[in-house]
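Computation of the quantities below employed the complete heavy-atom set of this structure, encompassing side-chain atoms and omitting hydrogens, waters and symmetry-equivalent molecules.
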Amino acid sequence: MSYDEIINELKSNLSGDYNKDSEYLRKAGDKFGKEGNTDGVRAVGEIIFEIMPENEKQEITNLTHIDGVRMDKFYEQINSAIHEKNMIEAKSLAEKLYAKIMDVYKETDKAKFVTFRNPFEDNLAQLLFKTDKILNRAPFDFATYLTTYAFIIIETGSPIDAVHVLEEAIAFNPVDCGPRFELAEAYKLMKNKDKLIEVTQQTLRIASSPIAIARCYANMGYLCVDLHELDDAVNFYTASVTFAPHPAIPLELKGIAQMKGSDIKQPTHDEIMATMKKYNISFGPDKDVISVAAQLASTFLLNKDMRNAVMSLKMLYNLTQDEKIKDMILKYDPSARRVNADGTAPEGSVPDNN
């Protein structure tokens, strides 16, 4: 269902009794959350805010608004300023958003807020990052908000100051590759070889798409060029395009050939694996990522939750290239096609996940 359809259905079931309606909407929100239906969760939040008494509205507003603007809309203003290349305004707004998040949603000894975006992230985080703390769902994607703030800090010349912000972003969602990739950018600029390798190792542990895996290897290729380990750089760049082609990689390889003063030969799989071992970098998707995607696909199919089942199957196929999984996807979603790096969708293939 579309967002408007969800709104209409929820409103049609309201009784006019605030207590009953609040309980109904809370249960609906829990259901949408477990399904990873962000439109449903947003719709529930909108209606709850609409029907609640004025004194409660004010309390919620104090938690979710900045200068009278809801935090997600405030974040849109930051992105608009970035798009317009007005980094001074973007940084000023992002600082206010950051201060609000860290004041209202800070971690305590007993509880922390998290911003998992779908059931896969929720389950993977519980497997890899176990905690005894109570996990509260944040109302907005704070991991992304803080990552954008860190991006602004880096763009305005202070990569070292971005590190702490990115660590806080990771705390909100430890299985989101976004803040870790931005952290890698900071370490590139700081010429911190050991930290760049470390964050790449951590990112590969949670990477759930070929594009994410490819970006990890591209970052290692960049590092090796910087270290003048050119053969290692070629091996990492070759591994990167094996998982997801990117137009920048051929240019990087051309630059390496110019530095070497000779043509580059295609590395063998054994040569690539030797380079991976040299830097203690894993090859391909992590077994835990595949396991979680497979378990979720099975659970969703049993529960006849086809939306999430297909999403999990797509992730699983793109990580494994198992033709049996592709057949299952096309059975449940005949229109599914995988999108190539150039935007085309080859016949008979299955879609991509980022």
### Message
Taking Met276's backbone N and O only, do any of them form a donor-acceptor pair with Asn280's side chain (distance below 3.5 Å, no angle check)?
### Response
no
### Message
Has Ser2 got a side-chain atom pairing as donor or acceptor with Glu5's backbone, closer than 3.5 angstrom?
### Response
yes
### Query
Judged by atom type as modelled, is there a donor-acceptor pair below 3.5 Å linking the side chain of Asp333 to the main-chain atoms of Ile329?
no
### Message
Once rounded to the nearest 0.5 Å, what's the spacing between atom OG1 of Thr61 and atom CD1 of Ile66?
### Response
12.5 Å
### Query
How long is the span from the CG atom in Asp270 to the OG1 atom in Thr275, to the nearest 0.5 Å?
11.0 Å
#### Entry: Ionic contact status for Asp322 with Lys324, cut-off 4.0 Å
no
### Message
Is it the case that the side chain of Ser22 and the backbone of Tyr18 share a donor-acceptor pair, with hydrogens and angles ignored and the cut-off at 3.5 Å?
### Response
yes
### Query
Is the backbone of Pro174 close enough, under 3.5 Å, to the side chain of Arg180 for a donor and an acceptor to pair up by distance?
yes
### Side-chain heavy atoms of His65 within contact of Val69, under 4.5 Å
no
### Message
If you count every heavy atom of other residues, nucleotides or ligands that lies below 6.0 Å from Lys188 atom NZ, does the total exceed 12?
### Response
yes
### Query
Does Tyr3 have Arg42 sitting over its ring (NZ/CZ under 6.0 Å from centre, angle to axis within 45°)?
yes
### Any donor-acceptor N or O pair under 3.5 Å, side chains Glu121, Asn173
yes
### Task
Considering only NZ, NE, NH1 and NH2 on the basic side and carboxylate oxygens on the acidic side, decide whether Glu155 and Lys91 come within less than 4.0 Å.
no
### Message
Using only atom types and a distance under 3.5 Å, with no angle test, would you say the side chain of Ser158 pairs donor to acceptor with the backbone of Ile160?
### Response
no
### Query
Between Arg70 and Glu46, is the closest basic N to carboxylate O distance under 4.0 Å?
yes
### Query
For the rings on His246 and Tyr237, is their centre-to-centre separation under 6.0 Å?
no
### Query
Can Asn62 and Gln58 be counted as having a side-chain donor-acceptor contact under 3.5 angstrom?
yes
### Message
Salt bridge check, Asp231 against Lys260: does any charged N sit closer than 4.0 Å to a carboxylate O?
### Response
yes
### Nearest heavy-atom neighbours spanning Phe74 and Leu93
CE2-O, 3.2 Å
### Query
Do the side chains of Phe120 and Ser312 get nearer than 4.5 Å, heavy atoms only?
no
#### Entry: Atom of Ile78, atom of Ile152 and distance for their closest heavy-atom approach
CG2-CD1, 3.8 Å
### Task
Using the ring of Phe116 (Phe, Tyr or Trp, six-membered ring only), decide whether Arg137 places NZ or CZ under 6.0 Å from its centre and within 45 degrees of its axis.
no
### Query
Mind checking whether Phe283 and His269 have side chains closer than 4.5 Å, heavy atoms only?
yes
### Query
Can Lys193 and Asp226 be counted as an ion pair, charged N to O under 4.0 angstrom?
no
### Query
Hey, is Glu50 close enough to Lys11 for a salt bridge, meaning N to O under 4.0 Å?
yes
#### Entry: From Gln266 atom CD to Glu271 atom CD, the distance as rounded to the nearest 0.5 Å
9.5 Å
### Task
Taking atom types as modelled, find out whether Asp72 and Tyr145 have a side-chain donor-acceptor pair closer than 3.5 angstrom.
no
#### Entry: Atom NZ of Lys331 with >12 non-hydrogen neighbours under 6.0 angstrom
no
### Message
For Lys106, is there an ion pair with Glu168 - N to carboxylate O distance below 4.0 angstrom?
### Response
no
### Query
Could you state the interatomic distance from CG (Asp176) to OG1 (Thr147), rounded to the nearest 0.5 Å?
6.0 Å
### Query
From Ile170 CD1 over to Gln202 CD, what is the distance, rounded to the nearest 0.5 angstrom?
7.0 Å
#### Entry: Spacing of Leu183 atom CG and Met190 atom CE [to the nearest 0.5 Å]
8.5 Å
### Query
Does a side-chain heavy-atom distance below 4.5 Å link Asn219 with Glu185?
yes
### Task
With the side chain counted from C-beta on, respond yes when Glu76 and Lys73 share a heavy-atom pair under 4.5 Å apart, and no when they do not.
yes
### Task
Please check if the side chain of Ser240 supplies one atom and the backbone of Ala214 the other of a donor-acceptor pair under 3.5 Å.
yes
### Task
Answer yes if the side chains of Gln295 and Thr299 hold a donor-acceptor pair under 3.5 Å, and no otherwise.
no
### Task
Would you indicate whether Lys195, at its atom NZ, is surrounded by more than 12 heavy atoms from other residues, nucleotides or ligands within a distance under 6.0 Å?
no
### Message
Determine whether Leu146 and Leu166 satisfy the following criterion, side chain to side chain contact (heavy atoms under 4.5 Å, CB included), listing intermediate values before the conclusion.
### Response
CA-CA 7 Å; Leu146 296 187; Leu166 289 165; over 6 Å; no
### Query
Is Gln126 close to Thr131 at the side-chain level, that is, under 4.5 Å between some pair of heavy atoms?
no
#### Entry: Pairs involving residues 204-223, ordered by first then second residue, that meet ring pair (Phe, Tyr, Trp, His ring centres under 6.0 Å) (sequence neighbours left out)
Tyr217-Phe243
### Query
Can Ile213 be reached from Ile281 by stepping across I, L, V, M, F, W or Y side chains whose heavy atoms are under 4.5 Å apart?
yes
### Message
Under 4.5 Å between side-chain heavy atoms, counting indirect links through other Ile/Leu/Val/Met/Phe/Trp/Tyr residues: same cluster for Val41 and Ile60 or not?
### Response
yes
### Message
Donor-acceptor pair, distance only, cut-off 3.5 Å: does the side chain of Ser92 make one with the backbone of Ile88?
### Response
no
### Query
Got a salt bridge between Glu323 and Lys326, using NZ or NE/NH1/NH2 to carboxylate O under 4.0 Å?
yes
### Task
Determine, using ring centers only, whether Phe172 and Tyr105 are less than 6.0 Å apart.
no
### Message
Donor-acceptor check, side chain of Lys130 to backbone of Leu127, threshold 3.5 angstrom: yes or no?
### Response
yes
#### Entry: Test: Arg26 cationic atom under 6.0 Å from Phe32 six-membered ring centre, within 45° of axis
no
### Task
Indicate, with yes or no, if Leu313 and Tyr317 share a hydrophobic cluster defined by side-chain heavy-atom contacts under 4.5 Å among Ile, Leu, Val, Met, Phe, Trp and Tyr.
yes
### Within-4.5 Å side-chain heavy-atom neighbours: Asn318 and Gln321
yes
### Task
Say whether, by atom type as modelled, one donor and one acceptor occur between the side chain of Asp21 and the main chain of Gly16 under 3.5 angstrom.
yes
### Message
Quick check: is Leu316 connected to Met306 through a chain of hydrophobic side chains (ILVMFWY, heavy atoms under 4.5 Å apart)?
### Response
yes
## Note on the structure
Closest non-hydrogen atoms of Thr144 and Arg117, given as atom of the first, atom of the second and distance, are OG1-NH1, 4.4 Å
### Task
Determine whether Leu10 and Tyr24 make a side-chain contact, defined as any pair of heavy atoms from C-beta on separated by less than 4.5 Å.
yes
